[in-house]
Amino acid sequence: MVILGPPGAGKGTQAERFAEDHGLLKISTGDILREAVESGAELGQLAKVIMDKGGLVSDEIMIGIVRDRLARTDAKPGVVLDGFPRTVAQAVALDEILEDRDDLFVIDLVVSEEELVRRLSARRVCGQCGATYPSAGLNGNCERCGGKLVQRSDDCESIVRERLKVYARDTQPLLHHYCGRLNFASIDGSQSPEVVGCELRAIIESKATELSLEGTEKESPQ
Ligand code: AMP
């Protein structure tokens, strides 16, 4: 499954919950890049400059990362992708990587720009374990590990505006790539994470049932 949507739409939260509930692997390309930055890897040094400006890392690099990650054994039961694809070239590459593109569910989370800027300015992440929170809370510490909550360097307002511009220019055209497909659906992402999660589950379950019925019809002789 691919979860699309602008920065701050809730892709990471929904991807994590859905993957956990269904025993799937979550792959967040943003997390992979941030880990590379932390470890001081060459990829991280290159990516940091781009991420700090709110731009996109090259398609070639991102497609290579996702292709390698999807080839590993732990990806076989299924994967929830958060932050990939972000360009039409990445979406085309993903179709080529998948054995059957009809197996791909695509969910678009829709949220107004005003709400996105509000959410991203308030968002904090744990400097130790990377957990994400809608705000700094009362004591500014992580509930999971006690680490200090900090603002992501690309969540300040000027960079957020740039990321939203980049989203409109490079990522929104993806909707045309996917919107005619049977397994595409939009959800109002301005609702609470719980309500979005329920809608997401209901959509996937009903589409999966449709698919399995179609499969049975194809298999059974007339
Ligand atoms: P995210 O955590 O998904 O908001 O990603 C943080 C940053 O990582 C983005 O603003 C981009 O600079 C970079 N990034 C993540 N995923 C991709 C991708 N699929 N293509 C290009 N750049 C990406």
Side-chain angles (χ1 to χ4, degrees), residues 1-19 25-39 41-70 75 79-98 104 106-109 111 113 115-127 129-134 150-175 177-178 189:
M1 176 163 72
V2 160
I3 303 193
L4 297 177
K11 301 186 293 294
T13 304
Q14 295 304 330
E16 187 162 327
R17 290 184 187 184
F18 191 88
L25 179 73
K26 180 191 105 158
I27 299 178
S28 156
T29 45
D31 284 351
I32 292 175
L33 294 173
R34 279 184 289 276
E35 278 160 26
V37 171
E38 280 294 303
S39 72
E42 200 183 323
L43 165 67
Q45 291 169 22
L46 188 149
K48 186 171 181 351
V49 182
I50 299 166
M51 291 164 84
D52 281 349
K53 285 195 217 143
L56 292 183
V57 175
S58 79
D59 286 334
E60 199 189 345
I61 292 179
M62 298 313 301
I63 292 166
I65 290 175
V66 170
R67 181 180 282 120
D68 289 352
R69 197 62 197 81
L70 288 176
V79 161
V80 184
L81 283 167
D82 156 28
F84 185 94
R86 257 182 159 98
T87 64
V88 173
Q90 292 179 14
V92 170
L94 182 61
D95 283 342
E96 285 166 8
I97 295 168
L98 297 172
L104 184 69
V106 181
I107 301 294
D108 182 39
L109 300 181
V111 181
E113 179 163 340
E115 172 66 4
L116 294 169
V117 173
R118 191 197 64 73
R119 284 186 187 179
L120 291 171
S121 317
R123 176 163 82 176
R124 294 293 182 272
V125 292
C126 173
C129 73
T132 303
Y133 294 87
V150 294
Q151 186 171 46
R152 249 171 67 167
S153 56
D154 57 350
D155 274 352
C156 68
E157 193 171 335
S158 60
I159 306 295
V160 164
R161 298 262 177 216
E162 177 60 22
R163 288 164 67 202
L164 292 174
K165 254 194 240 162
V166 169
Y167 171 80
R169 189 190 63 209
D170 297 332
T171 309
Q172 224 161 15
L174 276 187
L175 298 180
H177 182 82
Y178 288 126

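Both ligands and their constituent atoms are indexed starting at 1 by order of listing.
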* To do: Go through the steps to decide whether Val150 and Val125 satisfy the test side-chain contact (heavy atoms from CB on, under 4.5 Å), and finish with yes or no.
  => CA-CA 5 Å; Val150 294; Val125 292; 4.0 Å; yes

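Contacts of Glu162 classified as side chain to side chain contact (heavy atoms under 4.5 Å, CB included), with partners at least two apart in sequence or in another chain: Lys165, Val166.
Between Asp154 and ligand 1, a contact under 3.5 Å exists for no N or O pair.
In the displayed structure, Glu38 atom CD is contacted under 6.0 Å by at most 12 heavy atoms of other residues, nucleotides or ligands.
Looking only at protein heavy atoms, the nearest one to atom 13 (C) of ligand 1 is Leu33 CD1, 3.5 Å. Among protein heavy atoms, the minimum distance from atom 12 (O) of ligand 1 is reached at Gly55 O, 2.6 Å. Ranking protein heavy atoms by distance to atom 22 (N) of ligand 1, first place goes to Val57 N, 3.1 Å. Protein heavy atom nearest atom 20 (N) of ligand 1, with residue, atom name and distance: Gln90 NE2, 3.0 Å. Protein heavy atom nearest atom 15 (C) of ligand 1, with residue, atom name and distance: Arg86 NH1, 3.2 Å.
Counting heavy atoms closer than 4.0 Å to ligand 1, residue Lys48 contributes nothing at all. By the criterion of a heavy-atom distance under 4.0 Å, neither the backbone nor the side chain of Lys11 is placed next to ligand 1. Within the 4.0 Å heavy-atom criterion, both parts of Met51, backbone and side chain, lie near ligand 1.
Between Asp155 and Arg163 there is a salt bridge, since at least one side-chain N of the basic residue sits less than 4.0 Å from a carboxylate O of the acidic one.
For ligand 1, the atoms lying closer than 4.0 Å to a non-hydrogen atom of Thr29 are 15 (C), 16 (N), 17 (C), 19 (N). For ligand 1 and Arg34, the ligand atoms under 4.0 Å from any heavy atom of the residue are 2 (O), 6 (C). Those atoms of ligand 1 with a heavy atom of Arg152 less than 4.0 angstrom away are 1 (P), 2 (O), 4 (O), 6 (C).
How far CG of Leu70 is from CZ of Phe84: 8.0 Å, rounded to the nearest 0.5 Å.
Distance alone, capped at 3.5 Å, is enough to place a donor-acceptor pair between the Lys11 side chain and the Pro6 backbone. Counting only distance, with no hydrogens or angles, the side chain of Gln151 and the backbone of Ser121 share a donor-acceptor pair below 3.5 Å. Judged by distance alone, with hydrogens and angles left aside, the side-chain atoms of Gln90 form a donor-acceptor pair with the main-chain N or O of Arg86 at under 3.5 Å.
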